[in-house]
2 protein chains.
Amino acid sequence: MEISPSPSSPRSDHTAELLRSRILDGVLDPGTLLAESAVARELGVSRVPVREALFALEQDGLVAFSDSGRAYVKELSPFDFEELYVLRLTLEPVAARLAAPALRENPLALEANIRATSKAPALLQVTQLDLDFHEIILEASGNRRLLKLWRSIRHELALWLGRLHRSKQLQTRGTRSETVSSHEALVTAFKTKSPAECERLMRQHVLGWREWLPTTEVQP
Amino acid sequence: MEISPSPSSPRSDHTAELLRSRILDGVLDPGTLLAESAVARELGVSRVPVREALFALEQDGLVAFSDSGRAYVKELSPFDFEELYVLRLTLEPVAARLAAPALRENPLALEANIRATSKAPALLQVTQLDLDFHEIILEASGNRRLLKLWRSIRHELALWLGRLHRSKQLQTRGTRSETVSSHEALVTAFKTKSPAECERLMRQHVLGWREWLPTTEVQP
DNA sequence: ATTCACCAAACGGTATACCGTTTCAAGATC
DNA sequence: GATCTTGAAACGGTATACCGTTTGGTGAAT
């Protein structure tokens, strides 16, 4: 029996994709009601695929449901961010350790990502490529459930970072070069160090990433 | 705006509940096709709530979809179990550290769980209460996303353990007393030790739990 | 006996329709 | 002016129906 993690659904996939980008791009403000009927009318599809798309987006953490079953664009608080940060700090070092053997064999994807980052025109692309870099590591970990967890966290992080960026609360100075050099250090570690050392370095990397962001002054 | 993690859906919730128990109880064998029409007909509801229930069960890891969109009762391999084990080993020690302050204040739920475990009549109840014990800790961690992750992992673990139990591959001797004493040790730690020490002990606990299970001889 | 072509039944994706509930604002009451 | 009432519109939950695709077996061809 062939198994894939989810069914292929052109309409609902397309709907989810479109809503996802609108949410991440900030076209839809936090708290906006996503009524099935309205979205369906606008996109020219029925409510059924919209409904499925909303469920998918809930899983991504981009949408939340009220008690009455209404879907809203998710509002993220500093408290939410701290939760996400704890998860990163927990999962990513382990992923780095698991991925180390595979990445030692083939670090090409990581290196290509670094080259792309060094040429990225804008801060938003850098943060996007930064998340891509980490996703490559999660993929290389070989743990499908770990990767799935990362993806759901990633969407929420992208949402958080996008909102910070739009409200001009992300510091720009040196971001690209800092990102590139610290990613280069990680790649070197993958190629030459032990998995345990890679784990330790990844932990430091995530800790350092946290320092870049505006303080949220919330106890995790 | 009041937000809850998921919409309340009597029909679809009930359907999911029923299918979940049938899968966990082994009434439905791994690989069994769960056709929307058939399930709907049997339960006397329409396909819509069944569809939603199947999506929910996929998130629990109890159901997988084929490329053509058909839902099947999930088949778990030793490889899957290793993935789950790695996640436990990663998440639970962190949860223990985060939960330590709250559990030091109020360990009543844990202690009640231990009393119930010591009176549990059968092995299957013991393993169920064991998972409950850990879920209490995850709840006390205060990290909602961490708890959500644990719940999805928990369902898959329960599925795995249930299948082992039915195929008589779980050792029974001493399970209850071992579980009780090791949980008691954890509660003592929560009441008297530092969060960091609780984290370390939880890690040992999960490592020890792994030893109880039949070896799967698969590299994680 | 094996493989291939074919077809009918079954299934999933989606559209539409119905119904009870929730929502929210206009109007009534204090 | 603030609060409560109320009713129409909007919304979500669900049932039913239509359609193209997948599936699994039957019979033909080799």
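Any value given below was found using the heavy atoms of this structure, including those in side chains, with hydrogens, waters and symmetry copies removed. Every chain is numbered from 1, with letters handed out A, B, ... down the list of sequences. Being a predicted model, the structure only gives us computed values, none of them experimental.
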Letter per nucleotide, 5' to 3', of nucleotides 16-23 of chain C [B base touched, S only sugar-phosphate touched, - untouched; heavy atoms, 4.0 Å]
BB----SS
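- With sequence neighbours excluded, the residues forming a side chain to side chain donor-acceptor pair (under 3.5 Å) with B:R88 are B:E92, B:H134, listed by chain and number.
- Under the side chain to side chain contact (heavy atoms under 4.5 Å, CB included) criterion, B:R144 pairs with A:F79, A:D80, A:E83, sequence neighbours left out.
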Dot-bracket for DNA chain D, 5' to 3', counting Watson-Crick or G-U wobble pairs under 3.5 Å, with [ ] for crossing pairs and | for inter-strand pairs?
||||||||||||||||||||||||||||||
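- Residues forming a side chain to side chain contact (heavy atoms under 4.5 Å, CB included) with B:I114 (at least two apart in sequence, or on another chain): B:F133, B:V180, B:H183, B:E184, B:V187.
- Checked against side chain to side chain contact (heavy atoms under 4.5 Å, CB included), B:E139 has the following partners two or more places apart in sequence or in another chain: B:E135, B:L147, B:R151.
- Both cation-pi conditions hold for A:R210 and A:Y85: the charged atom is under 6.0 angstrom from the six-membered ring centre and inside a 45 degree cone around its axis.
- To the nearest angstrom, P of D:dG12 lies 14 Å from CG of A:D67.
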Which donor-acceptor pairs under 3.5 Å do side chains of residues 26-38 of chain A form with protein atoms, sequence neighbours excluded?
residue : atom : partner : partner atom : Å
A:T32   : OG1  : A:D29   : N            : 3.3
A:T32   : OG1  : A:D29   : O            : 2.5
A:E36   : OE1  : A:R47   : NE           : 3.1
A:E36   : OE1  : A:R47   : NH2          : 3.1
A:E36   : OE2  : A:R51   : NH1          : 2.7

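- Separating the CZ atom of A:F55 from the P atom of D:dT14 is a distance of 9 Å, rounded to the nearest angstrom.
- Listed candidates were D:dG13, C:dT14, D:dA15. Nearest to the side chain of A:R51 is D:dG13.
- Atom CZ of A:R41 is separated from atom P of C:dA15 by 15 Å (rounded to the nearest Å).
- Rounding to whole angstrom units, CG of residue B:D13 and C1' of D:dG13 are separated by 11 Å.
- Atom NE2 in A:H14 sits about 18 Å away from atom P in C:dG13, given to the nearest Å.
- Under the 6.0 Å cut-off for aromatic ring centres, A:F65 and A:F55 qualify, their centroids lying closer than that.
- Atom CD of A:E52 and atom P of D:dG13 are 14 Å apart (whole Å).
- Listed by first then second residue, pairs satisfying salt bridge (Lys or Arg N to Asp or Glu O under 4.0 Å) with a partner in residues 105-127 of chain A read A:E111-A:K191, not counting sequence neighbours.
- B:L33 places its CG atom 19 Å from the P atom of C:dA9, with the value rounded to the nearest Å.
- Remark: A:E42 pairs with A:R22 by the side chain to side chain donor-acceptor pair (under 3.5 Å) rule, at least two apart or across chains.
- Taking atom CD of residue A:E36 and atom C1' of nucleotide D:dG13, one finds them 9 Å apart after rounding to whole Å.
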